[in-house]
Every structure is written in C-alpha cells, then in structure tokens.
Amino acid sequence: MSGSMIVVLDVGKTAAKVTLWAADGKLVRREVRPNARQTCEHYACLDILGIEAWLADVFTLYARLGHIGAIIPVAHGAAAAIVRGGQLAAPVMDYESSPPAAVRKAYLEQCDDFAETGSPPMGMALNLGLQLHWIAQCYRDALAGDAQIVPWPQYWAWLLSGVAASEVTSLGSHTDLWAPGRNAPSAMAVRRGWAQHLAPLRAAHEALGPLTPEWAARTGLARDTLVHVGLHDSNAALCAARAYPEFAASDATLVSTGTWFVSMRSLANNSAAPTLPANRGCLFNVDVRGCPAPTALFMGGREAEMLSHAALDQPDAQSLLLRRVAACVETGAMILPTMAPGTGPFPDAVGTWINEPSDEATRSGAICLYLALMTDVALELIGAEGAALVEGRFAKVDAMMQALAALRPNMAIYASSGESDVSLGALRLLRSDLAPASALQRIEPLDIELADYKARWRAAISAR
C-alpha cells in the first residue's frame, strides 16, 4: 500500500463524509452528503440506498485521482444490518425510531444488569438489542438460518468486500450485546441466540479483503484496493486524540461534538474504571484495545438545532456570541434540560427556558452556556481529570469552549483545529506514524465568573 492513497468513509448520523488521503497523510479531497431519514413499513430506517449511490459516485471521482490502496469505514453507533444470502434480511433501523411501549417493556424484562454490559436502558431505539428484539417481531425470519448481525461500520465494509465482520468498538457502544469486563458477548445475547449470529469478530485495522469485482467495475477503483474492518466514530476520534503528545500516554478525555456530545475517557494503563450511574446518560464504551472507556453523552447538536436555527460555529458570529453570553449571565437567561427527552444526564427532565431572551443572538449565547454546562456535568460523571480535547463542529464555538474552560478550572481544555479528527483516527490504525497536521489550541477561560450561574442552573434542575 506504500505510495497509495487511503479513503476514509465516515457515515455519521447527520451526514456521510468521504475523505481521500495521500500516502503522507495530507488531505486530498473531501465530499459530504446530508443523510435523509427514511420511513419503512414498521419503523424509521437509515438511507442505505441513497448513501450507496452517492458513495459510488464519489469513488468514481476519486478513482481518477490516483491509485487507492485502502478503504476504512467509520460510522455511528446503535445501528446494525442483518444480512443473509448476500442481502439485507430487514431494513436497518434508525435509532430515533420509537418502539411501541409493549415492545420496550418486554425487552427490558430480559436485559442484563448494567454491571454486566455497561449499557443502560436508553430512549428511542438507542439500544441495539432493543432493535433486534423489535425487528424479530416485524420480520420473523430476519435472524433465521445463517443470518449475520453486522454493525453499521462493518456493513459498509461488507458491502464493499463481501466479507462480514463485527468489531469491538461497535459492539461496545450501548448495544446490550457486549460485556466489556469479559470482552465477550453479553449473557442476554447468548440467551436470545443473538451471539451466534454476530459476524466474526475482527480488529478494526484488519483487512477483510479486496474490493469486490462489482464495486471495482462500478467505480473504476483498482481490484487490489483493500477494505478494512473499521470502527465506531467516537472511538476513531479517540484514536486521533492519542496522536497528540498531550494525550499520548496519560489519562485523557475526548469530547466529540456533533448530533451527540460524547465525552469518552481513555484510562491510563493500570487505572481503575470509575463507578458510573446507570440512569444519567453514562455507559462504558469499549476502545480499540478492548478496554472499557467510561462515557457520558447527551444530544447537544440536536438540542441546539431544536432551540435555534442559528449556526453557532460561523466565524463571523464568535465575537457577538461572547458578548451575548455575558448578557445571559447578567440577566440569568438559561436553558434547563432536556430538549431531547430520554437522553443525557437528566433523561426524565423536560427542557425549558428561564428568563428567555427575545432576540436570537442572546438566545444563541444561552445555548452556548447550556452546552458548556451539560458538558461539565458529563465530564464530572465520568471522573475526567487532567486534560480534555474537544473535537467536531462545536469546537469552533468560542463562547461554548471558553465557558467550558471557565467551568473546569482544574482541567486543561483543548480544541482540535482539524475538521477530520475522526478520519485521522481511522488513518492511524493503518499508518500509526501519521501525525496531526497542526498543534492543539489550549482554550483560555471566559473572563466572566460562572460559578454562581452554574450553581443557580443546577439548583433550578434539582428544584423541578
């Protein structure tokens, strides 16, 4: 593969991205497609056909730019395909589907304890086991015979190579199917017969095989293009964080921002995992080493969209947002959780405003403070210490970042300046010598005292 280019396919919840990288780690090209939600017969499903058609067009374009030696997929969690006989046995469920109450109740009665899986009951269809339970009722033959359960990143690897696999970071992402402490399928997965249908476990960096003849003919890519197993997107971002000297060996925390804000702590060698609450948006992910990674999450990007249509990450808006944050602190304008019901550290709370501003700019300032306060709670829940790296589009929101640094004075808060941190993490699985293109930026705290605002925010939550 020396001298050849590498493609990273990143299928996020909101958008799919395909990046092309030169052998020296330089970004050559980046294509992005918004993902549309589809409605299937029984539940909402992911837009497989739309992504596939777009992917073929992008690969055709990239094939003209030089030899591509490898493709590695990355994708969001809480999704999997069931494949049998070379095709899908059921539509791939969108985790924002709402299962019937009776379906959820019957499923929860069969779940393992949090201590076994590190996977708490979550809202919507965010537990993959719940999806399998529901799918089996809608498509009774879906898991019959030689059907294989293929996690979402590995579905794309299967589509391109014809080889089915599963992988530990995807199985360990609030699926209820994995026991991180034993590094094996959960007791429920075994009881329900799902464990025997999991595609063979492979390491994220492994090559499954060359591109299928059909995809080579369809796109013009070389037949010797190797397709790799791939991994969960937040774990890929964590791999990228480890590329920086500030996070290379010590206890480190990544805050990956997008539709979800995922605070994932990578424990230093020999560090004991903390005890996590089972009902506050906390779980144990599993990193590429197979080690438990304490995690807390909330739907920050989605909540921001629900609260305002303003784009917080626009460069020309940053100075105004900083001024509006100061106005919110002065007037006590604040947002109480949770706008996305059933998620995050306050899953049962109903989101509301206190002293809601009348103008859009000040509302946006309050959203920045809300995201910082929620991230502060997440970091507290997982026992984060030392340093935290914020990546993704909200790392560009100065008001949120500076507020977070002010709320966490004993931590060093860094912002990643790159737009391809997930891709860098995936690349480093194939090329561990690749270094980030730029240094990290340490964030200076907001020059406004936030301790009283934080205390009033937390008191208002407790009083409801």
Side-chain angles (χ1 to χ4, degrees), residues 1 4-36 46-77 79 81 92 150-162 167 170 204-205 207-208 210-212 214-237 239-240 256 258-259 391-393 416 418-431 434 437:
M1 195 174 67
S4 298
M5 294 187 288
I6 299 173
V7 165
V8 178
L9 166 60
D10 176 6
V11 185
K13 186 62 168 66
T14 303
K17 299 169 280 291
V18 183
T19 48
L20 179 64
W21 301 83
D24 61 0
K26 296 253 178 39
L27 179 63
V28 176
R29 186 113 181 192
R30 183 174 187 262
E31 299 291 331
V32 181
R33 173 194 185 269
N35 288 332
L46 299 177
D47 186 17
I48 280 184
L49 295 179
I51 297 171
E52 179 183 334
W54 171 77
L55 184 60
D57 290 341
V58 174
F59 281 176
T60 301
L61 170 65
Y62 286 2
R64 302 187 188 117
L65 302 180
H67 183 263
I68 294 171
I71 300 170
I72 183 165
V74 175
H76 64 78
V92 177
V150 183
W152 193 223
Q154 287 73 55
Y155 167 79
W156 296 100
W158 169 81
L159 185 72
L160 297 172
S161 70
E167 183 272 336
S170 299
H205 70 275
L208 291 173
L211 197 68
T212 66
E214 293 79 12
W215 271 90
R218 185 177 182 182
T219 62
L221 289 172
R223 281 291 314 279
D224 63 354
T225 303
L226 290 176
V227 180
H228 293 258
V229 173
L231 71 165
H232 176 225
D233 53 8
S234 295
N235 265 285
C239 290
S256 182
T259 302
E391 69 87 31
R393 70 178 187 266
S416 173
E419 293 188 353
S420 302
D421 302 287
V422 168
S423 297
L424 173 63
L427 281 173
R428 279 177 53 84
L429 293 180
L430 308 186
R431 290 281 310 278
L434 290 181

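For reference, positions follow the sequence shown, starting with 1.
- Heavy-atom minimum distance, Ser161 versus Val227: CB-CB, 3.8 Å.
- Formation of a donor-acceptor pair under 3.5 Å by the Arg428 side chain with backbone atoms of Leu434 is found in this model.
- Side chain of Glu391 to main chain of Ser256: no donor-acceptor pair is present (N/O by atom type, distance under 3.5 Å, no hydrogens or angles).
- For the residue pair Leu231 and Cys239, the shortest heavy atom distance occurs at CD1-SG, 4.4 Å.
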Check: side-chain contact (heavy atoms from CB on, under 4.5 Å) between Trp152 and Leu46: does it pass, once the steps are laid out?
Finding: CA-CA 10 Å; Trp152 193 223; Leu46 299 177; 3.6 Å; yes
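- None of Val8, Asp233, Val18 except one satisfies the side-chain contact (heavy atoms from CB on, under 4.5 Å) rule with Ser423; the exception is Val8.
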Checklist line | Audit row: Leu208, Gln154, side-chain contact (heavy atoms from CB on, under 4.5 Å) steps and yes/no | finding: CA-CA 10 Å; Leu208 291 173; Gln154 287 73 55; 6.0 Å; no
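- Contact detail for Ile72 and Ala204: the closest heavy-atom pair is CD1-O, 4.0 Å.
- Counting heavy atoms from C-beta on, the side chains of Ile71 and Leu221 come closer than 4.5 Å.
- A donor-acceptor pair is defined here as one N or O able to donate and one able to accept, closer than 3.5 Å; no such pair exists between the side chain of His205 and the backbone of Leu430.
- Residues passing the side chain to side chain donor-acceptor pair (under 3.5 Å) test with Glu167 are Thr169, Ser170, sequence neighbours excluded.
- Within the 4.5 Å cutoff, the side chain of Val7 has no heavy atoms near those of the Trp21 side chain.
- Ala56 approaches Arg218 most closely through the heavy-atom pair CB-NE, 3.5 Å.
- Side-chain contact between Trp215 and Thr225: absent, with no pair of heavy atoms (C-beta onward) separated by less than 4.5 Å.
- For Phe59, there are no ring-ring contact (aromatic ring centres under 6.0 Å, His included) partners at least two apart in sequence or on another chain.
- Within the 4.5 Å cutoff, no side-chain heavy atoms of Arg29 are placed close to those of Val58.
- With sequence neighbours excluded, the residues forming a side chain to side chain contact (heavy atoms under 4.5 Å, CB included) with Arg33 are Asn35, Asp47, Ile51, Trp54, listed by chain and number.
- With a 4.5 Å cut-off on side-chain heavy atoms, Glu31 and Leu61 count as touching.
- For the pair Arg431 (side chain) and Ala23 (backbone), a donor-acceptor distance under 3.5 Å is present.
- Counting heavy atoms from C-beta on, the side chains of Met5 and Tyr62 never come closer than 4.5 Å.
- Smallest separation of non-hydrogen atoms from Thr212 and Gly162: CG2-N, 3.7 Å.
- The two residues Val28 and Ala22 come nearest to each other via the heavy atoms CG2-N, 3.5 Å.
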